[in-house]
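Here is how names work: the chains are called A, B, and so on, in the same order as the sequence lines, proteins then strands, and each is numbered from 1. Because only heavy atoms are used, hydrogens play no part in the values below, and waters and symmetry mates are left out as well, while side chains stay in.
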Protein chains: 2
Amino acid sequence: MGHVPESRKARSAEAARFEVFLRSRKLKLTGERLAVLASIFQRESHFDAETLHAHLRTAGGNISRATVYRTLDLLVQSGLVRKNSLGASHANYEAAQGDEHHDHLICLNCSQVVEFYRPDIENLQEQICAAHGFKLIHHSLQIFGLCPGCTGQADEGTIRNRVAQLHT
Amino acid sequence: MGHVPESRKARSAEAARFEVFLRSRKLKLTGERLAVLASIFQRESHFDAETLHAHLRTAGGNISRATVYRTLDLLVQSGLVRKNSLGASHANYEAAQGDEHHDHLICLNCSQVVEFYRPDIENLQEQICAAHGFKLIHHSLQIFGLCPGCTGQADEGTIRNRVAQLHT
DNA sequence: TTGGCTGCAAAGGCTTTGCACGCTC
DNA sequence: GAGCGTGCAAAGCCTTTGCAGCCAA
């Protein structure tokens, strides 16, 4: 009992979820898609498409940038990956560990990203939607500032410019 | 006393503020810059660089896209204009009327934008920063949903895709 | 007169797409 | 075998930049 056929390799929980998602859309579970998924869940934190592509190349694969973008799109739609900007004009991504939602605190000097979750903010957003008759579907809250290590270290002019350039 | 030279045309409060800003940086107050500023403050609400450029062209001017971008950058730095994304991958702008700050509620179906201000959210952000030792400099809160008119009207699949494509 | 400013066109950075071949189901 | 998936290269979109002439101060 509990015997697992040797031919069926053990897959991570993420891979299983991705497979279910793909099947539900009659899409295929390819080696490339699994490689992208594995690379994302192997390393923590935030990354962009270019970095992910580089990691996949380094790992020996021959996955194209196009496939990286196409797979990221599917992963976002499946809910396994979240897409953020963190103030940049290009997209940033992060593995959606579990179902917990969080927002981001970003240091304008060293780019460090801190995640936080405040139920009271979630509640306020519901109140705001209700006040305007909106049905809440999604939100994005990003706080920019200076982290403990950078407070007092950063050049004021540089920071001011960086704020002006934020894409939020 | 109090005499104003006739040769000096009356200027809007915004133009005066822009002039002060430019002088402080030893930059020049050109006709193009004034035209961009006037066009922005003539019409309300949110706009992107392309729309602004089109309006300026229609108005008879011959202002280049490059000048539009360069001037928007100066206006953002001066604080007269705010830059937002509203979920789009390109920049959106809005005239900063007075000093009041506000956040945005955006309809995923009809793209309507509602501005709101909640002091309690501002306070929470200060608390979050304090909790992590950050110095708060800037923030961005965007809530996406369906406006009263679009609730129940929108196709669920379309909305889901739109959420996945948001650049936030 | 002297920088800064402008339009133009080209270049840049990120992302998407057309196409012919390849692989999963 | 059918149809989705892939790599490649080209195209797209928005934005920035180099340059020669122009203009505000």
**OP:** Any chance you could list the contact pattern along nucleotides 4-10 of chain C? Use B for base contacts, S for sugar-phosphate-only contacts and - for none, protein heavy atoms under 4.0 Å, 5' to 3'.
**Re:** SSSBB--
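- When rounded to the nearest whole Å, the span between CD of Glu19(B) and C1' of dA24(D) equals 12 Å.
- In this structure, Arg23(A) and Val20(A) have side chains that are not in contact, with every pair of non-hydrogen atoms separated by 4.5 Å or more.
- Regarding Asp73(B), its CG atom lies at a distance of 11 Å from the C1' atom of dT15(D), rounded to whole Å.
- Rounded to whole Å, atom C1' of dT16(D) lies 11 Å from atom NZ of Lys83(B).
- Between Arg23(B) atom CZ and dA25(D) atom C1' the separation is 9 Å, expressed in whole Å.
- The distance from atom NE2 of His90(B) to atom P of dT15(C) is 16 Å, rounded to the nearest whole Å.
- Rounding to whole angstrom units, OH of residue Tyr69(B) and P of dT17(D) are separated by 13 Å.
- Side-chain N or O atoms of Arg162(B) include one that pairs as donor or acceptor with a backbone N or O of Asn109(B) at under 3.5 Å.
- For the segment residues 156-168 of chain A, the set of residues with a heavy atom within less than 4.0 Å of an atom of DNA chain D is empty.
- One interatomic measurement links the two molecules: NE2 of His53(A) to C1' of dC8(D), which rounds to 11 Å at whole-angstrom precision.
- Between His104(A) and His102(A), the distance separating the two ring centers is shorter than 6.0 angstrom.
- Side chain of Thr151(A) to backbone of Cys147(A): a donor-acceptor contact under 3.5 angstrom is found.
- Residues Phe18(A), Phe21(A), Leu22(A), Leu29(A), Leu34(A), Val36(A), Leu37(A), Ile40(A), Phe41(A), Phe47(A), Leu52(A), Leu56(A), Ile63(A), Val68(A), Leu72(A), Leu74(A), Leu75(A), Val76(A), Leu80(A), Val81(A), Tyr93(A) make up the rest of the hydrophobic cluster containing Leu27(A), defined by ILVMFWY side-chain heavy atoms closer than 4.5 Å, directly or through other members.
- Comparing the helix axis at one end of the helix from dT1(C)-dA25(D) to dC25(C)-dG1(D) with that at the other, each defined from 5 consecutive pairs, gives an inter-axis angle of 40° (nearest 10°).
- Pairs engaging residues 67-81 of chain A under the side chain to side chain donor-acceptor pair (under 3.5 Å) rule: Arg25(A)-Gln77(A), Ser64(A)-Thr67(A), Asp73(A)-Gln77(A), Asp73(A)-Gln165(B) [sequence neighbours left out].
- Taken to the nearest 0.5 Å, the CG atom of Asn84(B) stands 7.0 Å off from the OG atom of Ser140(B).
- A 4.5 Å side-chain heavy-atom check between His90(A) and Asn92(A) finds at least one atom pair inside the cut-off.
- Distance Leu34(A) CG to dT24(C) C1': 12 Å, rounded to the nearest Å.
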Distance-only donor-acceptor hits, side chain of residues 125-136 of chain B, under 3.5 Å, sequence neighbours excluded:
unit_1: Gln125(B); atom_1: OE1; unit_2: His139(B); atom_2: ND1; d: 2.9
unit_1: Gln127(B); atom_1: OE1; unit_2: Arg118(A); atom_2: NH2; d: 3.1
unit_1: His132(B); atom_1: ND1; unit_2: Ile128(B); atom_2: O; d: 3.1

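- Leu86(A) and Val163(B) fall into different hydrophobic clusters, where Ile, Leu, Val, Met, Phe, Trp and Tyr residues are linked whenever their side-chain heavy atoms come under 4.5 Å apart, directly or through other members.
- Look at Arg65(B) and Glu50(B) and you find a salt bridge, because one of the NZ, NE, NH1 or NH2 atoms lies within 4.0 Å of a carboxylate O, short of that distance.
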